2 protein chains.
Amino acid sequence: MKPWAPSEIVVDLNGPEPLYSQVARQIGAAIEDGRLPNGARLDNELDLAARLHLSRPTIRQAIQSLVNQGLLVRKRGVGTQVVRTKVARPLRLSSLFDDLSELGDKPESVVLVNRVEPAGDDAIEHLEAPGLTHVRRLKRVRSTGGEPLAIMNNYLPDGIVDPADDELREKGLYQLLRSAGVRLHAAQQNVGARQATEEDAELLDEKPGAALLTMRRTTYDDSGKVVEYGWHVYRASRYSFNLSLTNNV
Amino acid sequence: MKPWAPSEIVVDLNGPEPLYSQVARQIGAAIEDGRLPNGARLDNELDLAARLHLSRPTIRQAIQSLVNQGLLVRKRGVGTQVVRTKVARPLRLSSLFDDLSELGDKPESVVLVNRVEPAGDDAIEHLEAPGLTHVRRLKRVRSTGGEPLAIMNNYLPDGIVDPADDELREKGLYQLLRSAGVRLHAAQQNVGARQATEEDAELLDEKPGAALLTMRRTTYDDSGKVVEYGWHVYRASRYSFNLSLTNNV
DNA sequence: GAGTGGTCTAGACCACCTT
DNA sequence: AGGTGGTCTAGACCACTCA
């Protein structure tokens, strides 16, 4: 197969978007919409650089970002090829609310608890903040299409966000944190399963003993501080996690 | 706090390991073992380059790889800081067997099915290979410490690997694939839950109705071909998934 | 042997943050 | 104003793959 001639790529030398980003975005779009099908060979780096009147390192930076996203594979002595697996994006730092919103569902929430309370040993341990005196405690039931989907319990260190119940109904927790200037950096999640208790069953409109997905999560910000600890349960009949893994670092 | 003076870093100009990799590895090690604690500032790029007698792009490449791993954060105008969250590694392309082996458990397997059979519509669809005529079908029960842990069902396109039952007992499927020269590239996983059926219960030594974790997985190689499709069930009382997410691309 | 990506250098200018 | 990381250039040599 003939290597792709990037006649369609145009770069704006004076625009605000970095050159490598412009190139990466346009090649990525060509892969997404099928102009660059699975297995297609990309032009080599030197030719690409010459045609776009850019330097080779700039081209390499563009290609590298696509390799990191898992859309391209480079092999020394061979070339660069498209590997379009079924799923494009690796796992992101997103919340249930974000995911549902992207799918076009309109999530609804009932806020059961939203208050600041003295920090117990449990909260102090999970938030990894020994001197903490107060925590915000949240308990919400998330629904879509009028059917309950999940029970969401959260601890947050007091003072990070101060949401009204209305805001909690209309926005996801991650959205609120980002709006408050928190720079989310990493999260550690544990996913398991258990049977529904009486209380679970009542809140989720399930029968006691039904299978539930459980998720415990600790979220960290840029400075390494814990900004949120949550333990959630999902109705297994209505929800499951999708994960994309790639082999890149 | 004073920026870290990298007196401990030494580079071997003639060794086989790339310079940026040597630098990244040694800084990474300093973070792991606490010489560079959480929040510590790294020397700026120009000073680092001057002290190590390397160029700035090489230093940047080293730092970038650590940023991609989520160990460092760069802020323009500020500097580079260590963000040591509880968990170091992002999600890798690993199998249950790999994970258990790392934990020191010695996994045992019972091979219930290991044969090549004509490909049904189901297998053809999941392996995304329309012309496929034969598939290898695996069904195994994985145990640790004498207790069953999971039932693992797999389809593989015929001809990729041809394992004896002995090999399946002693090695993980991903190990076998790598040994056979398959370059694993990406996987798409779906994690859910359900209650145990009579058959599940018997194989896993659980009661019918017990909570089980379910995982469906499609694994792709470098060329974008499906190399494996699997549907597994785990005893929720003995197993859960740990995921680390970072915000980097 | 020809072609590819992998690594590395020595500069340059800019955007952003802090003081 | 000074210091930081972000971007970009124009070369160079090497290692690997394939015909």
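Worth saying up front: this structure is predicted, and the values here are computed from it rather than measured. Letters A, B, ... are given to chains in the order of the sequence lines, protein chains preceding strands, and every chain is numbered from 1.
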Side chain of [X] only, please: which of [options] is the nearest?
{"X": "B:Val78", "options": "C:dC17, C:dA10, D:dG6", "result": "C:dC17"}
{"X": "B:Arg74", "options": "C:dT9, C:dT4, D:dG5", "result": "D:dG5"}
{"X": "A:Glu45", "options": "C:dT9, D:dT9, C:dG5", "result": "C:dG5"}
{"X": "A:Tyr20", "options": "C:dT9, D:dC8, C:dT4", "result": "D:dC8"}

OP1 or OP2 of [N] under 4.0 Å from side-chain N/O of [X]:
{"X": "B:Asn44", "N": "D:dT4", "result": "yes"}
{"X": "A:Thr80", "N": "C:dT4", "result": "no"}
{"X": "B:Thr58", "N": "C:dT9", "result": "yes"}

Using whole Å, what does the distance between atom [atom2] of nucleotide [N] and atom [atom1] of [X] come to?
{"X": "B:Gln81", "N": "D:dG5", "atom1": "CD", "atom2": "P", "answer": "11 Å"}
{"X": "B:Arg60", "N": "C:dT7", "atom1": "CZ", "atom2": "P", "answer": "17 Å"}
{"X": "B:Leu46", "N": "C:dA10", "atom1": "CG", "atom2": "P", "answer": "13 Å"}
{"X": "A:Leu52", "N": "D:dT9", "atom1": "CG", "atom2": "P", "answer": "10 Å"}
{"X": "B:Leu72", "N": "D:dG5", "atom1": "CG", "atom2": "P", "answer": "11 Å"}
{"X": "A:Gln61", "N": "C:dG5", "atom1": "CD", "atom2": "C1'", "answer": "16 Å"}
{"X": "B:Arg76", "N": "C:dT18", "atom1": "CZ", "atom2": "P", "answer": "13 Å"}
{"X": "A:Leu48", "N": "C:dG3", "atom1": "CG", "atom2": "C1'", "answer": "15 Å"}

Problem - Sole candidate of B:Val182, B:Val116, B:Asp162, B:Val161 that passes side chain to side chain contact (heavy atoms under 4.5 Å, CB included) when paired with B:Leu156 - result: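 It is B:Val161, the one option of B:Val182, B:Val116, B:Asp162, B:Val161 that forms the side chain to side chain contact (heavy atoms under 4.5 Å, CB included) with B:Leu156.
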
Exercise for the section: Report yes or no: is there a donor-acceptor pair, N or O only, under 3.5 Å between the side chain of A:Arg56 and the base of C:dG6? Expected result: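 Indeed there is one.
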
Handout entry: Donor on one side chain, acceptor on other, A:Arg140 and A:Asn154, under 3.5 Å
Key =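 Yes, because at least one side-chain N or O of A:Arg140 sits under 3.5 Å from a partner of the opposite role on A:Asn154.
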
For [X], report the nucleic acid contact type (base, sugar-phosphate, nothing); a contact means any heavy atom under 4.0 Å.
{"X": "B:Leu54", "value": "sugar-phosphate"}
{"X": "B:Leu19", "value": "sugar-phosphate"}
{"X": "B:Pro18", "value": "sugar-phosphate"}

Practice task
For B:Ile59 and for A:Asp47, locate the closest nucleotide of DNA chain C by heavy-atom distance; then report the residue assigned to the nucleotide nearer the 5' terminus.
Solution key: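 By nearest-heavy-atom nucleotide position, the 5'-most residue is A:Asp47.
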
So do [Y] and [X] actually touch side chain to side chain, heavy atoms under 4.5 Å?
{"X": "B:Asn190", "Y": "B:Arg217", "result": "no"}
{"X": "B:Val10", "Y": "B:Gln26", "result": "yes"}
{"X": "A:Lys225", "Y": "A:Pro157", "result": "no"}

Handout entry: Nearest-nucleotide 5' precedence on DNA chain D, A:Lys75 against A:Leu13
Key =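 Its nearest nucleotide being more 5', the pick is A:Leu13.
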
Practice task
Assess whether atom CZ of B:Arg216 is packed by more than 12 heavy atoms of other residues, nucleotides or ligands within 6.0 Å.
Solution key: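 Not buried by this count: 12 neighbours or fewer within 6.0 Å.
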
